[in-house]
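Owing to the predicted nature of the structure, the values given are computational and were not obtained by experimental measurement. Chain identifiers are assigned alphabetically (A, B, ...) following the order of the sequence lines, protein sequences preceding nucleic acid strands; residue numbering begins at 1 within each chain.
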There are 2 protein chains.
Amino acid sequence: MNAEKIPDIIIGRLPVYLRALQRMADNGLKTTSSQELGEHVGISAAQIRKDISQFGEFGKQGTGYSIAYLLDKLKEILKVNHIWDVALIGAGDMGHALVRYQGFTNRGFKIVMVFDNNKEKVGQKIDGFSIEDADKLAERIKSSGIKIAMLTVPAPAAQSVADKLVQAGVKAILNYAPISLNVPKSVKVQYIDPSIHLQRMTYYL
Amino acid sequence: MNAEKIPDIIIGRLPVYLRALQRMADNGLKTTSSQELGEHVGISAAQIRKDISQFGEFGKQGTGYSIAYLLDKLKEILKVNHIWDVALIGAGDMGHALVRYQGFTNRGFKIVMVFDNNKEKVGQKIDGFSIEDADKLAERIKSSGIKIAMLTVPAPAAQSVADKLVQAGVKAILNYAPISLNVPKSVKVQYIDPSIHLQRMTYYL
DNA sequence: AAGTACTTGTGTCTAATTGCACAAAATCTT
DNA sequence: AAGATTTTGTGCAATTAGACACAAGTACTT
């Protein structure tokens, strides 16, 4: 075990291992090896062993890893052994798709509030959710203690909404707006911008 | 200039620079510096200078970079100085959101085909697009010469669709399905999985 | 025209990350 | 029960990435 600071790059790979292990578990598998897991996720076996060993000795020589046990440990490390409430800001097409997305609940997240600044949308329902007025965002998030938000507003609005989220105590933002956000170092941001991702591949074509 | 192999990690940052520069240009700015650009994207000025200098000497001492010129150069490097045709597979909520998304055309991409394997959806229209039968996918993609695909199908279908895409000559896949894809090294994959991105932040909460 | 301020591109150093290899432990085979 | 096989965790080496510092060129100021 190692109590030192774990590099971001290792933390970034853990969710990928977690997803693959969950899939194995769903398929009824009981144990796996760094070799096998590596083939599934496209990462070298040595890398996987080293990553996992940062947090403890979870494997057994000759046998490998118990999938159920490693799943538990990874969920604990990533703090997704319970469900996080998430606020969604921006009820456009992307916001709608995310509200309806079935892939959050069994992976640690649940959307519990949806906001939009368009007064005509406020009060409308998506899958049972009432869209709330973005003017009430700060107050509602602060009082509910929500720490995670997903941002699906147009680029010009994104920074000012992010500022309000930070002010309201949000510590993690999943940003779908095509713009780099400026936030305090204590707040984490992850970016999803399909054009950026596509442009990372065209260089190689 | 440097003709050697450019590291992936540098290529990965270029689209972020490109997006920020485009924004500056839209705001009427003519020049910028590594310092200023760095503040916008949250990357050190030295890093930005070193990244850009891999491809040539695009700046001028004392002045910085011409935004229009650097934009041109980055687009050329990333090969997004023309529009790439893209195929979308999976006409669910996410597929719909992507078809309607306005952020592709001025950044180098255009969805030109949409496929689904649900026979009831085939023939339906999204924003003017007729949804095509996924059985025809290989043939249609091969004959059209499309090199880029976006995958928004359920996880269990993703690998087999990816295999067909590779077979049809696709060289870049933007994968929204929550599963690691197994493809030849000559094919690039980028992953978008909101749960993964969220799990990369919860560790720090 | 001289001085000041700004900014690039890059050489050097430091830090971070990955790859390799193997002892040790567990299991399987005969 | 002995030998063969599997597989982990980790020390060390190699590679890669990032930070720092500065000469040199450009523009601005007085």
Check: residues 130-139 of chain B side-chain donor-acceptor pairs under 3.5 Å, at least two apart:
from, atom 1, to, atom 2, distance (Å)
B/E132, OE1, B/R140, NE, 2.6
B/E132, OE1, B/R140, NH2, 3.4
B/E132, OE2, B/R140, NH2, 2.8
B/D133, OD1, B/K119, NZ, 3.4
B/D133, OD1, B/D135, N, 2.8
B/D133, OD2, B/K119, NZ, 2.9
B/D135, OD2, B/K119, NZ, 2.8

Using the ring-ring contact (aromatic ring centres under 6.0 Å, His included) criterion, which residues pair with A/F104? Sequence neighbours excluded. A/Y101
Treating A/W84 as the side-chain partner and A/K79 as the backbone partner, does any N or O pair qualify as donor plus acceptor under 3.5 Å? yes
Tell me what B/I9 touches on the nucleic acid: a base, only sugar-phosphate, or nothing, going by heavy atoms under 4.0 Å. sugar-phosphate
Is a side-chain N or O of B/N175 found less than 3.5 angstrom from the main chain of B/A177, in a donor-acceptor match? yes
Would you confirm whether B/K121, through its side chain, and B/A91, through its main-chain N or O, come within 3.5 Å as a donor-acceptor pair? yes
Counterpart residues, side chain to side chain contact (heavy atoms under 4.5 Å, CB included), relative to A/D26 (two or more places apart): A/Q22
Filter on salt bridge (Lys or Arg N to Asp or Glu O under 4.0 Å), then keep only pairs touching residues 167-195 of chain B, sequence neighbours left out; what's left? A/R19-B/D193, A/R107-B/D193
Return the residues of residues 21-41 of chain A meeting this criterion: a heavy atom under 4.0 Å from some atom of DNA chain C. Order them by number, or give none. none
For nucleotides 19-30 of chain C, 5' to 3', base contacts (B), sugar-phosphate-only contacts (S) and non-contacts (-) with protein non-hydrogen atoms under 4.0 Å give B-B--BBBS---
Could you state the CG-C1' distance from B/D8 to C/dT17, rounded to the nearest angstrom? 15 Å
C/dG9 P sits how many Å from B/L70 CG, rounded? 10 Å
d(CD1, B/I11; C1', D/dT16) in whole Å: 15 Å
Between B/I48 (CD1) and D/dC20 (C1'), how many Å, whole number? 16 Å
Show the distances under 3.5 angstrom between N or O atoms of the protein and N or O atoms of nucleotides 28-30 of chain D.
none

Pairing residues for B/K60 by the side chain to side chain contact (heavy atoms under 4.5 Å, CB included) criterion, not counting sequence neighbours: B/T63
Can you check the A/I6 CD1 to C/dT18 C1' distance for me, whole Å? 16 Å
Could you list the donor-acceptor pairs under 3.5 angstrom formed between side-chain atoms of residues 153-162 of chain A and any protein atom two or more places apart in sequence or on another chain?
from, atom 1, to, atom 2, distance (Å)
A/Q159, OE1, A/N182, N, 2.9
A/Q159, NE2, A/D163, OD1, 2.8
A/Q159, NE2, A/N182, O, 3.0
A/S160, OG, A/A157, O, 3.2

NA contact type, A/I52, heavy-atom cut-off 4.0 Å: base, sugar-phosphate, or nothing? nothing
Nearest-neighbour nucleotide for the B/R13 side chain, C/dT17, D/dG9, D/dG18 considered: D/dG18
D/dT6, OP1 or OP2 - any side-chain N/O from A/Y65 closer than 4.0 Å? no
Here the side-chain hydrogen bond (donor to acceptor under 3.5 Å, both in side chains) pairs for residues 141-157 of chain A, sequence neighbours left out, are none
For the pair made of NZ in A/K5 and P in C/dA15, what is the distance, rounded to whole Å? 16 Å
In whole Å, what is the span from the CG atom of B/D51 to the C1' atom of D/dG18? 10 Å
Using the test salt bridge (charged side-chain N to carboxylate O under 4.0 Å, His left out), find all partners of A/D85 that sit at least two apart in sequence or belong to another chain. none
Starting at CD1 of B/I10 and ending at C1' of C/dT17, how long is that distance when rounded to a whole Å? 15 Å
Can you give me every donor-acceptor pair (side chain of residues 37-46 of chain B, partner residue at least two apart or in another chain, under 3.5 Å) with its distance?
from, atom 1, to, atom 2, distance (Å)
B/E39, OE2, B/Q35, NE2, 2.9
B/S44, OG, B/Q47, N, 3.1

